[in-house]
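This report refers to the structure that appears directly beneath it.
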Amino acid sequence: MVYLNLLFMKQEVVDIIQKALENLKVPWGLDSIPEIDIEIPRNEAMGDIATTIAMGLTKILKKSPRKIAEEIVDAIKTNIIPPIPPLEKGGEGGFDIFESIEIAGPGFINFRLSKAFLHAKLEQLLTEGHSSLRTDLGEGRKVQVEFVSANPTGPLHVGHGRGAAVGNALCNILKAAGFNVQKEFYINDAGLQVKLLGESVFARYLQLLGNDAPFPEDGYRGDYVELIAEEIIKRTGEEYLNKSFEECGEFFTNYAYKMMLADIAKDLKDFGIVFDRWQSEKELYEKDKVQSSLTALQQKGFIYEKDGAKWFSSTNFGDDKDRVVVKQDGEYTYFASDIAYHKDKLDRGFDTIIDIWGADHHGYIPRIKSVLEAFGLPKEKFRVILIQMVALLRRGEPVQMSKRAGEFVTLREVVDEVGADITKFIFLTRRADSQLEFDIEIAKEQSAENPVFYVQYAFARISSIFRQAIEKGISGQQSAVSSHDVGARRCRALLKEDEELSIIKKLLQYSMVVEGAALSCEPHRITYYLQELAGIFHSYYNKHRVISDDEQLTNARLQLCEAVQIMLKEGLSMLGVSAPERM
RNA sequence: GCGCCUGUAGCUCAGUAGGAUAGAGCAACUGCCUUCUAAGCAGUGGGUCAGGGGUUCGAAUCCCUUCAGGCGCGCCA
């Protein structure tokens, strides 16, 4: 058992309870120790950290939960808690983790952390910085997260932006939780949709050159189609004017979608999101992976022929019906390349596969899950995050989004108008699977009340305090607050106001929040955590002065401020949001 | 018709893998800047957790059902 190696308070407590249960296992006649639930009480008066284990054991032990709790507490108090060793040579001796352990309500065991423990953890955060905030939940396991994957047939719209923000934040969180993460964008460059884009561009091309060509019925009508046609004219002149689409369709299709793809990549980059890898659907065909993945399924006995088509028997894995993979006309279905793509992910050695889709694709989950199970992936290793629609409003009035008519609001337009930080933050203040109202005017004009500024403001405020301190010659420079030396440690011991201790406790909760967000794939938990941390800091700031005549207290509070700043920066970086030093 | 998601304060949403007295922001009202950034703070009011039934020590959370909204149910992509 190693204490103080991570900025964590959960593990220490779990270890202690576990030891107590080991001691009680025999008298209780238990074979094994149950899972230990740890939670943060909603009310600070109830303690800093609590367990419900006693209530969970009532059924097995047939005793009242309070009686069980008493036995556990007794075991902890008599011989479990080891004193924390001195922090380093020359330290001031050991101390207890807990100030008190109490039984409350129906059988909660409430632990209150000692000030010495909190001060020691603060020191750790200051000395180790961001690295103390990384956990090893993932143990380096490889996770692949595929997101956005918009068809390269038009610019990204706001819904894609939401998926991008969520996916990117999730990846950051998974990395912080110790997973080895790859971010991937899947390019649907092989199907009829890109061909339709090519036809649309070709029609515009002919029209621009004075030819009265018909426009494809379901063609893409956005202005960008014409821009691509203009670009082609600029580069090749009238070379294709007298040719048919059959003759030059490939050129138009390739040119068009590649140009769109470049636009998409740029939009994402300007939104602050960069992918590790882009996988082309077409390439899967060219490298024969579609055929070979179907062969692999066939060898496993999951492919059969019926009505002149080939089917994947996904009902073996809980799907509603079997799915066609090769049509009667011999063509592959879209699903066939999806099979190849997901098999390819497995072949690349990922332990867990996370797909982030628009919620309108939810009907696809069972069949993809079937594919992965057929190839041997345990079903809990495949996760789909559904991104619900974004309802775009302007002063409460819905903004029309009709892709067919070509007038839909692009991500770029929103980001240009509102800003990337605000847009991302708003996307991350809601669970992914709940519909989101995004009012452009409110996001922009009520910016003073915008939660993103609330968090950033706390960061900027602390920066300002440090500027002030430097001006007064109190602290040479911000991170030079020497947290190693004994003087700084004595100063920290002066942090004993309720608000100060609350802030430290909040800081210690971070790793739990990250792990929870990683396990549940819910980045918005970080957003809420940051708002809470900023809230208690703002409150503290208004109640207590950081810089005062008391040199030691000033030093202590500057250290606390620095710790908060480290945390705010860490959290904001998870969300892909900046931490400005001035606002 | 079948399936998935959602329903929590006037509005927008959280509610931590079943826990303690259900929270935040906005909106409304009352205070706080000659001292580190008022993009802030302190306080007040606001709830049949859509309705009903069940599971248990304990339910906003799990199960069944009704209602309401959204989205899916092609050999389309």
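Throughout, protein chains are lettered first and strands after them, A, B, ... in sequence-line order, and every chain is numbered starting at 1.
- A:Y529 comes within contact range of no nucleotide atom at all, as no heavy-atom separation falls under 4.0 Å.
- Checking A:S313 against A:D322 by side-chain atom types alone, no donor-acceptor pair falls below 3.5 Å.
- When each of B:rC41, B:rU21, B:rC5 is scored by its nearest atom to the side-chain atoms of A:H538, the top-ranked nucleotide is B:rC41.
- Backbone-only contact: A:T429 has heavy atoms under 4.0 Å from sugar-phosphate atoms and none from a base.
- Ranking B:rC36, B:rA77, B:rA38 by closeness to the A:I547 side chain, first place goes to B:rC36.
- B:rA28 and B:rA14: their C1' atoms are spaced 22 Å apart (whole Å).
- Heavy atoms of A:R582 sit under 4.0 angstrom from at least one base atom.
- Atom C1' of nucleotide B:rG58 and atom CD of A:E39 are separated by 12 Å, given to the nearest angstrom.
- Ring pair A:Y364/A:F335 is perpendicular by interplanar angle, where above 60° counts as perpendicular and below 30° as parallel.
- Pairing for B:rU56 is absent, judged as Watson-Crick or G-U wobble with the two contacts each under 3.5 Å.
- Look at the P atom in both B:rC33 and B:rA42: the space between them is 16 Å, to the nearest Å.
- B:rA38 atom C1' lies 17 Å from atom CG of A:N450, rounded to whole Å.
- Across B:rC75, B:rA14, B:rA39, the shortest atom-to-atom separation from the side chain of A:D307 is found for B:rC75.
- In this structure, A:L386 CG and A:R431 CZ are separated by 12.0 Å, a value rounded to the nearest 0.5 Å.
- Distances shorter than 4.0 Å separate some side-chain N or O of A:S539 from OP1 or OP2 on B:rA42.
- Atom CZ in A:R367 sits about 12 Å away from atom P in B:rC76, given to the nearest Å.
- For B:rC49 and B:rG40, the P atoms lie 32 Å apart once the distance is rounded to whole Å.
- Here the P atom of nucleotide B:rU12 and the OH atom of A:Y454 are 22 Å apart, to the nearest Å.
- As judged by a 4.0 angstrom heavy-atom cut-off over every strand, A:Y334 is placed among the base-contacting residues.
- Residue A:D37 is out of contact with every strand shown, counting any heavy-atom pair closer than 4.0 Å.
- Counting non-hydrogen atoms under 4.0 angstrom, A:A517 reaches nothing in the nucleic acid.
- Counting to the nearest Å, the P atom of B:rC11 and the CG atom of A:L436 are 17 Å from each other.
- When heavy atoms are screened at a 4.0 angstrom cut-off, A:Q531 is found touching no nucleic acid atom at all.
- Comparing A:A190 and A:R525 by the nucleotide of RNA chain B that holds the closest heavy atom to each, the one mapping nearer the 5' end is A:R525.
- Side-chain N/O atoms of A:E281 and A:S337 include a donor and acceptor closer than 3.5 Å.
- For A:H524, the side-chain atoms get nearest to B:rA14 when compared with the rest of B:rG72, B:rG40, B:rA14.
- Base contact: A:I40 has a heavy atom under 4.0 Å from a base atom.
- Nearest-nucleotide positions on RNA chain B for A:Y457 and A:W311 put A:Y457 closer to the 5' end.
- Backbone-only contact: A:D433 has heavy atoms under 4.0 Å from sugar-phosphate atoms and none from a base.
- The P atoms of B:rA17 and B:rC13 are separated by 22 Å, rounded to the nearest whole Å.
- Here B:rC13 is the nucleotide among B:rA77, B:rC13, B:rG19 with the atom lying nearest to any side-chain atom of A:S434.
- Side-chain proximity of A:K327 to B:rC36, B:rC57, B:rC75: nearest is B:rC75.
- Residue A:G516 is classed as having no contact, given no heavy-atom separation below 4.0 Å to the nucleic acid.
- If you check every strand for non-hydrogen atoms under 4.0 Å, A:T52 touches a base.
- The listed nucleotides are B:rA77, B:rC75, B:rG40; the one nearest the side chain of A:A309 is B:rC75.
- Side-chain N/O atoms of A:K543 include none lying less than 4.0 angstrom from OP1 or OP2 on B:rC32.
- A cation-pi arrangement is absent between A:R367 and A:F312 under the rule of less than 6.0 angstrom and at most 45 degrees off the ring axis.
- Ion pairing of A:K505 with A:E44 is present here, as a side-chain N (NZ or NE/NH1/NH2) and a carboxylate O approach within less than 4.0 Å.
- Residues A:K282 and A:N254 bring a donor and an acceptor atom of their side chains to less than 3.5 Å of each other.
- No hydrogens or angles were tested; on distance alone, nothing pairs the side chain of A:H362 with the base of B:rC5 as donor and acceptor under 3.5 Å.
- The side chain of A:R431 contributes no N or O atom lying less than 4.0 Å from OP1 or OP2 of B:rC5.
- Regarding contacts with the backbone of B:rC76, every side-chain N or O of A:Y332 stays at 4.0 angstrom or more from both OP1 and OP2.
- Comparing the P positions of B:rG70 and B:rG10 gives an interatomic distance of 23 Å, to the nearest angstrom.
- In the set B:rA77, B:rC36, B:rU12, the nucleotide with an atom closest to the side chain of A:Y541 is B:rC36.
- Remark: the separation of the P atoms in B:rC63 and B:rU56 is 16 Å, to the nearest Å.
- No engagement by A:A458 is indicated, since no non-hydrogen atom pair under 4.0 Å with the nucleic acid exists.
- Which of B:rG40, B:rG15, B:rG19 sits closest to the side chain of A:M55 comes down to B:rG19.
- A:K63 comes within 4.0 angstrom of no nucleic acid atom, judged by non-hydrogen atoms across all strands.
- In this structure, B:rG3 and B:rC71 make a Watson-Crick or G-U wobble pair, each of the two defining distances being under 3.5 angstrom.
- Taking CD1 from A:I354 and CD1 from A:I356, the interatomic distance works out to 7.0 Å, rounded to the nearest 0.5 Å.
- Using a 4.0 Å cut-off between charged nitrogen and carboxylate oxygen, A:K543 and A:E500 do not count as a salt-bridge pair.
- In this structure, A:R66 places its CZ atom 18 Å from P of B:rC57, rounding to the nearest Å.
- Between A:I465 and A:I547 the shortest side-chain heavy-atom distance falls below 4.5 Å.
- A:D322 comes within contact range of no nucleotide atom at all, as no heavy-atom separation falls under 4.0 Å.
- The P atoms of B:rC67 and B:rC29 are separated by 42 Å, rounded to the nearest whole Å.
- The shortest distance between the side-chain N/O atoms of A:R461 and the OP1/OP2 oxygens of B:rA38 is below 4.0 Å.
- The partner of B:rC11 is B:rG25, by the rule that a Watson-Crick or G-U pair needs both atom distances under 3.5 Å.
- Look at the P atom in both B:rA24 and B:rG47: the space between them is 14 Å, to the nearest Å.
- Nearest to the side-chain atoms of A:T333 among the listed nucleotides B:rU12, B:rA77, B:rC71 stands B:rA77.
- In this entry the distance linking NE2 of A:H361 with P of B:rG70 reads 20 Å, nearest Å.
- Rounded to whole Å, atom P of B:rC36 lies 8 Å from atom NZ of A:K472.
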